[in-house]
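First up is the structure itself, then whatever we jot down about it.
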Amino acid sequence: MSESASWRDSLRLYKDKRLLTIFLFGISSGFPWVMIGSAISAWLTESGFSRSEIGFFGVVSVAYSLNFMWSSIVDRVRLPVISRVLGQRRSWILVMQALVAGSCVMMSQVDVVTQLALAKSIALALAFSAATQDIAIDAYRIDVMPEGDGRRMSAASAITTAGWWTGFAGLGAVPFLLVGDVISWADCYLFMAAVMVLLMLNTLMSLEPQSSREQAHRKAQNRYLAMLSQRSETASIMLVGLLGLAVMLGVWAILGMPGVADPPAYSVWLVILMEITALSFVLRTLAQWERDLSANGTAGVVGHLYWHHKTLGWLFSTFLEPLAEFFRRNGVKLAVSILLFIFLFKIGEAFLGRMSIVFYKEIGFTNEDIGLYSKATSWWVTILFSILGSMVNIRFGLFRGLMVGGIAMAASNLMFAWIAMVGPSTDLLLMAVIVDGFTSAWSTVAFVAFLSVMCDRAFTAAQYALMASLGTLGRTLLAAYSGVLVDGLDGNWAVFFVITTLMIIPSLIVLLLLRKRLSAVMDAARE
């Protein structure tokens with residue numbers, strides 16, 4: 001096949017009608033960020049609230065950081081009545097969209113000046129509904145595409161990225177254009193509710209992906225029941241208690257360790273180590289129980305069941321099996337390596353993003369420069385280059401897309417090092433923003449497609465949410481030290497950006513070590 005024909009084949013993938021549905025779902029994912037972010041911040045600012053009060057309102061977005069905790073429920077639970085009509089994926093999406101729209105209507109009836117606590121509660125409900133919608137949408141995007149097809153996963157990842165930015169930046173600009181002397185922010189939330197209602201039509205018109213998820217869950221639950229029925233009640237409950245403790249520690253750390261005044265920097269890493277230790281012990285214990293059953297010839301044989309056996313069986317098969325299946329399918333060494341790659345891949349980009357505005361201001365750019373060159377270009381640059389980046393991934397495969405895209409993403413940081421040495425040149429800033437937008441979009445599409453291909457179809461929502469949260473955790477935890485690094489360099493921005501460029505190396509080394517075992521999966525599209 002010639003190269004030109006290959007490029008034509010890449011373009012043909014975008015004729016798939018399912019991509020229009022995915023694009024509209026992307027809009028539905030991006031638009032709620034306006035409701036809980038820029039719109040409410042602007043409303044509170046105009047109502048006379050302080051920066052501190054507005055900042056505390058942003059805590060509602062923690063729902064997006066925690067959504068992996070209930071993602072398994074989206075895989076396992078069928079909503080009464082509506083799932084019979086729409087199917088499991090679409091029913092979850094539609095109900096969450098309705099809750100987001102309803103929350104917007106409720107917000108429009110609130111006087112934020114006198115009912116701030118109520119407004120926070122509604123915003124929190126909106127955020128949790130939107131975060132749950134994202135779980136179901138990500139799972140739908142993966143399930144609706146052929147399993148293991150990296151080419152179509154790349155196309156779907158690009159389209160959902162384009163849709164997200166259209167909802168966040170495109171539609172997100174409309175409320176600011178509407179609000180004025182005639183339309184209030186309260187009325188604007190009615191407009192946003194109407195947009196969500198229109199997006200619900202896409203959910204109703206889409207097709208539910210085919211799945212054998214229920215059989216896989218039932219098989220897993222029976223396996224856990226067989227293990228639990230052969231074990232003492234004390235051992236089973238202690239295992240659940242340890243798992244619950246790990247979850248509570250994770251939530252406590254994500255929320256900023258409430259109750260601890262000025263926790264030391266190493267405390268977060270200590271919690272992570274405790275989390276890993278607890279989860280490793282639980283998984284190893286269950287694996288040993290399963291080996292014992294097989295060795296005794298009682299695998300699949302269920303003994304006498306009590307209510308706690310059934311409860312524990314459901315909990316294990318719903319919340320623990322997605323992680324256990326990932327390790328079982330890939331093997332411990334490969335699974336750990338994959339998770340390490342996910343944790344490290346975007347760290348350099350996160351360091352740049354966390355310090356970008358500080359850099360712009362210190363180097364001498366004005367607010368107008370930042371708004372025009374850094375912010376206004378983000379929407380179209382991301383959309384255009386997501387498509388172009390996905391075509392490169394489709395043409396050369398996901399492995400090469402991740403490798404070359406990762407190097408290009410890191411190397412683009414050198415553009416900012418150039419600006420640091422030259423000074424506030426708007427021409428260089430525009431060039432840097434465009435180059436960074438292209439490489440970031442390219443690598444992001446490859447990364448999202450990689451996560452999608454790594455998911456088992458029985459546990460799509462849970463596994464994707466877990467891996468995506470791990471990637472976010474890496475960027476959040478390590479990028480928090482970006483300011484410390486700049487201070488340690490005495491404000492030498494050029495050296496800072498060179499260091500962020502080199503931060504890609506550990507993840508690419510891990511990726512190279514995984515190449516032989518992952519190439520067949522990631523490059524399945526080329527077969």
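In this text the structure is predicted, and so the values were computed from the model without any measurement.
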Whether the Arg78 and Ser91 side chains hold a donor-acceptor pair (N or O, under 3.5 Å, no angle test) is what I'd like checked. no
Can you see which heavy atom on Val510 is nearest to which on Ser337, and at what distance? CG1-O, 3.4 Å
Taking every heavy atom of Ile36 against every heavy atom of Ala127, the minimum-distance pair comes out as CD1-CB, 4.1 Å
Measure the shortest side-chain to side-chain distance between Leu86 and Glu208 over non-hydrogen atoms and say whether it is less than 4.5 angstrom. no
Does CD in Gln210 sit with more than 12 non-hydrogen atoms of other residues, nucleotides or ligands closer than 6.0 Å? no
Does the side chain of Phe343 reach to within under 4.5 Å of the side chain of Ser507, using non-hydrogen atoms? no
Taking all non-hydrogen atoms of both residues into account, name the closest pair between His217 and Ala458 and its distance. NE2-O, 2.9 Å
Compare all side-chain heavy atoms of Ile40 with those of Tyr189 and state whether any distance is below 4.5 angstrom. yes
I'd like to check Leu466 versus Phe326 (side-chain heavy atoms, cut-off strictly below 4.5 Å). Are they in contact? no
If we count only N and O atoms by modelled type, under 3.5 Å, do the side chains of Lys219 and Ser317 hold a donor and an acceptor together? no
Are Phe450 and Phe399, when compared by the centres of their aromatic rings, separated by less than 6.0 Å? no
Answer yes or no: is there a side-chain heavy-atom contact under 4.5 Å between Asp143 and Arg213? yes
Which atom of Ala220 lies closest to which atom of Glu321, heavy atoms considered: CB-CG, 3.8 Å
Looking at Trp314 versus Tyr224, is the centre-to-centre ring distance below 6.0 Å? no
Kindly check if the number of other-residue, nucleotide or ligand heavy atoms within 6.0 Å of CE (Met106) is above 12? no
Over all heavy atoms of both residues, which pair between Arg457 and Met145 is shortest? Give the atoms and the distance, please. NH2-O, 2.8 Å
Trp92 and Thr132 side chains, donor-acceptor separation under 3.5 Å: no
Has Arg223 got its NZ or CZ under 6.0 Å from the middle of the six-membered ring of Phe316, at an angle within 45 degrees of the ring axis? no
Atom CD in Gln288, atom CG in Leu283: separation rounded to 0.5 Å? 13.5 Å
Any side-chain heavy-atom pair from Asn202 and Phe25 closer than 4.5 angstrom? yes
Check: Met107 and Trp43 side chains under 4.5 Å, non-hydrogen atoms: yes
Taking the side chain as every heavy atom from C-beta outward, state whether Asn67 and Ser469 have any atom pair closer than 4.5 Å. yes
What I want to find out is whether Asp75 reaches Arg89 closely enough, with some N-O distance under 4.0 Å, to be called a salt bridge. yes
Looking at Glu214 and Arg76, is there a salt bridge between them, counting it only when a charged N and a carboxylate O are closer than 4.0 Å? no
Between Glu325 and Gln463, do the side chains contain an N or O donor and an N or O acceptor separated by less than 3.5 Å? yes
d(Met69 CE, Ile135 CD1) to nearest 0.5 Å is 11.0 Å
With a 6.0 Å cut-off (strictly less than), is the heavy-atom count around CZ of Arg84, excluding the residue itself, greater than 12? no
